[in-house]
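Heads up, the thing below is written out as structure tokens.
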Number of protein chains: 2
Amino acid sequence: MTIKLAIDCMGGDHGVSVTVPAAISFLSSHGDAEVVLVGLRDSIEPQLKKLHALDHPRVRVVTATEVITMDDPVEVALRKKKDSSMRVAVTQVKEGLADACISAGNTGALMAVSRYVLKTLEGIERPAIATTIPNEQGWGTTVLDLGANADCEPEHLLQFARMAEAMVAVVDHKERPSVGLLNIGEEVIKGNDVVKRAGELLRASELNFYGNVEGNDIFKGTTDIVVCDGFVGNVALKSSEGLAKMIGNMIKEEFTRSWFTRLLAGLAMPVLKRLSRRLDPARYNGASLLGLRGLVVKSHGSADAHAFEWAIKRGYDAARNGVIARTIQAFANKSGNSTPATGPQSGAQDSSPSPHAA
Amino acid sequence: MTIKLAIDCMGGDHGVSVTVPAAISFLSSHGDAEVVLVGLRDSIEPQLKKLHALDHPRVRVVTATEVITMDDPVEVALRKKKDSSMRVAVTQVKEGLADACISAGNTGALMAVSRYVLKTLEGIERPAIATTIPNEQGWGTTVLDLGANADCEPEHLLQFARMAEAMVAVVDHKERPSVGLLNIGEEVIKGNDVVKRAGELLRASELNFYGNVEGNDIFKGTTDIVVCDGFVGNVALKSSEGLAKMIGNMIKEEFTRSWFTRLLAGLAMPVLKRLSRRLDPARYNGASLLGLRGLVVKSHGSADAHAFEWAIKRGYDAARNGVIARTIQAFANKSGNSTPATGPQSGAQDSSPSPHAA
């Protein structure tokens, strides 16, 4: 099976100068992949020419005449720029012309456009943004939601867990990935009301629920999946990014302080390189928009070609492993989830497979 | 003026073997300090003897017959163990026999006992936990709340900002410290409802309000103070701790991988030592319980003597610089804050000094 990947070439801080080379490089290591390059033809073709890929048999260029900028409000993305590279790329997925879409465009716009064009899967009220964060186990912890839903009901957190479970099961080949509910560990307060009720739903569900986890468990790798609302997830992710950057800067500062430390840095290069490879944020680039009737991956806006290629890989892996089919199956077994969230009384607590599936 | 510090000697993972040496070491570098060592006399005195400090002129031992364990529920701390070292130490502050109390005991118990014994200051509905987090500016960002209040009203966030402002103003000698409101930056969702309303209150207040900040701004040092609810603050803090630990472990692993990397580590020792000093979590040990009618500092339970000494220093600095008086003054100027939170309509929006102060 060929995997077709629609690339929003105009998105991100660097546009075609990053997205096109990343796509062509990806093709060279993935013989079963095709790319659909979406955007301004006048911008894309010179890049292809530079890469001697104008006639690449696995490249198709689809024209879009507009570009959504990083500052464009959601309304503009949705109602004004109807021929944007982002929207045309997502539409490729909707129309079955691509198996996944990858964009480095602005998150709010991408989520809104994807939701509008693709719609959510049966039983899912809200899509969520999930990413993989490196942990001490050597593999990654999948965390969601990272900002699509600032306020959540307990039922949404259960749905997020189920969506992530479907993805991790097929992409990471873990049949029963464990799920942790992000909470605070102090005895006096075991979390806010929403989290307490989400804990009840998760405990009663068919999922492999570990229980509450704390912020540090994300990096310990206590569970395969960590579920939280979009506000908390966004703050946890950005705090961690901020700290990693600060530590990286400090390491650089200390090793460039004098001729002696520079010499040391030279000698220690293999060690420092291994370290930076292990912590390389590029390797973890690419957040999945889950819960939609199609695969969409969001790359960091500032990604370089190397990092953007990882985001393409994420879309490829999700398509190749049938994340959507698995998600549909996971929710089809849960009759309760197609009803609106009604708190702990909801049918979602029923963990046995049901014949009257959605 | 002598600063008297009540030490809960039995708290934390290591009890007297950490708290007593830390207290004696602190005294040697602070000639104007006295310590009140609270706990089981049979445990404290052998430690003092070992340190040749049994007759130290600036040490007073106060007996408490009970110990609150890390697992004791709040109810036990409050209602059963009325002669606990924690409670007796906090009571020293209440009775004016000490200027601040330092404990490495369990956070929930310490907050409950402190609140019960000391009560909150006029105009403050809820105490909060604040700590200083290292940032790229070389100084620290004061973040609160870190877990005392999982659910907050907008008015509480305003009060937290005011409490932190009073502390930072006198301890860090910054007359108008800047205040950031922790939020998520994606365009589509500018935070949840509580944060939006808190932003309105802060903008209308007398504080030096910068606006919204994101998780990474904590480490950038964008503002002197970052305000958030206790759930978000706790997750941000623990995520960061988890990441720092993971990176530290990776650095160790990479430098102990072979005889060559071990040799490099030996050569690079001065650099690695400087790095670890800059990132030393011990230096940032000690979270302040703000909003109470007395100073209480919570040390990490796992702190060693070096780290616990930093927590003592935090209590000392707060007492020496008159944090309580400054906090009272900050709230006395705000008539609106002694009324219950009623949302954006509250009198707290009135930023002009009022004659009918609390």
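Residue numbers start from 1 in every chain, and the chains themselves are labelled A, B, ... in the order their sequence lines are given, proteins ahead of strands.
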query = For A/Ser299 and A/Asn285, does a side-chain donor sit closer than 3.5 Å to a side-chain acceptor?
reply =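 A/Asn285 and A/Ser299 do have a side-chain donor-acceptor pair below 3.5 Å.
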query = Going through the checks in order, is the side-chain contact (heavy atoms from CB on, under 4.5 Å) test met by B/Leu110 and B/Val90?
reply = CA-CA 9 Å; B/Leu110 183 61; B/Val90 173; 4.3 Å; yes
Within a strict 4.5 Å, meaning less than it, do heavy atoms of the [X] and [Y] side chains meet?
{"X": "A/Lys81", "Y": "A/Thr69", "result": "yes"}
{"X": "B/Cys152", "Y": "B/Phe160", "result": "yes"}
{"X": "A/Leu181", "Y": "A/Leu157", "result": "yes"}
{"X": "B/Ser239", "Y": "A/Ser240", "result": "yes"}
{"X": "B/Val113", "Y": "B/Arg115", "result": "no"}
{"X": "B/Met111", "Y": "B/Lys298", "result": "no"}

query = Looking at A/Leu237, A/Leu182, A/Leu243, which has the largest count of heavy-atom pairs under 4.5 Å with chain B?
reply =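 Of A/Leu237, A/Leu182, A/Leu243, A/Leu243 has the most heavy-atom pairs under 4.5 Å with chain B.
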key: Contact leader toward chain B among A/Gly242, A/Ala236, A/Pro270, where contacts are heavy-atom pairs under 4.5 Å   = A/Gly242
message = Could you check whether A/Glu241 pairs with A/Lys238 (Lys NZ or Arg NE/NH1/NH2 to Asp/Glu carboxylate O, under 4.0 Å)?
response =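 No salt bridge links A/Glu241 with A/Lys238.
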A/Glu254 bridged to A/Arg257 by N-O distance under 4.0 Å = yes
Just checking heavy atoms, which of [range] are less than 4.5 Å from chain B?
{"range": "residues 126-137 of chain A", "value": "A/Pro134, A/Asn135, A/Glu136"}
{"range": "residues 218-227 of chain A", "value": "A/Ile218, A/Phe219"}
{"range": "residues 244-251 of chain A", "value": "A/Ala244, A/Lys245, A/Met246, A/Ile247, A/Asn249, A/Met250, A/Ile251"}

query = For the residue pair B/Gly233 and B/Leu146, what are the closest heavy atoms and their distance?
reply = O-CD2, 3.6 Å
note = A/Asn192 meets the side chain to side chain contact (heavy atoms under 4.5 Å, CB included) criterion, sequence neighbours left out, with A/Val194, A/Val195, B/Ala150, B/Asp151, B/Phe231
inquiry  = Is the terminal nitrogen or CZ of B/Lys119 (NZ for Lys, CZ for Arg) located under 6.0 angstrom from the six-membered ring centre of B/Tyr116 and within 45° of that ring's axis?
reply    =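 Yes, a cation-pi geometry holds between B/Lys119 and B/Tyr116.
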request  = Decide yes or no on side-chain contact (heavy atoms from CB on, under 4.5 Å) for B/Arg87 and B/Val117, but give the supporting numbers first.
outcome  = CA-CA 8 Å; B/Arg87 179 140 169 192; B/Val117 171; 4.2 Å; yes
inquiry  = Between B/Leu272, B/Thr261, B/Leu267, who has the most heavy-atom pairs with chain A when the cutoff is under 4.5 Å?
reply    = B/Leu267
ask   = Contact part of B/Glu75 toward chain A, heavy-atom cut-off under 4.5 Å: side chain, backbone, both or neither?
value = neither
Separation between CG of B/Leu202 and CG of B/Asn212, rounded to the nearest 0.5 Å =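 Those atoms lie 9.5 Å apart.
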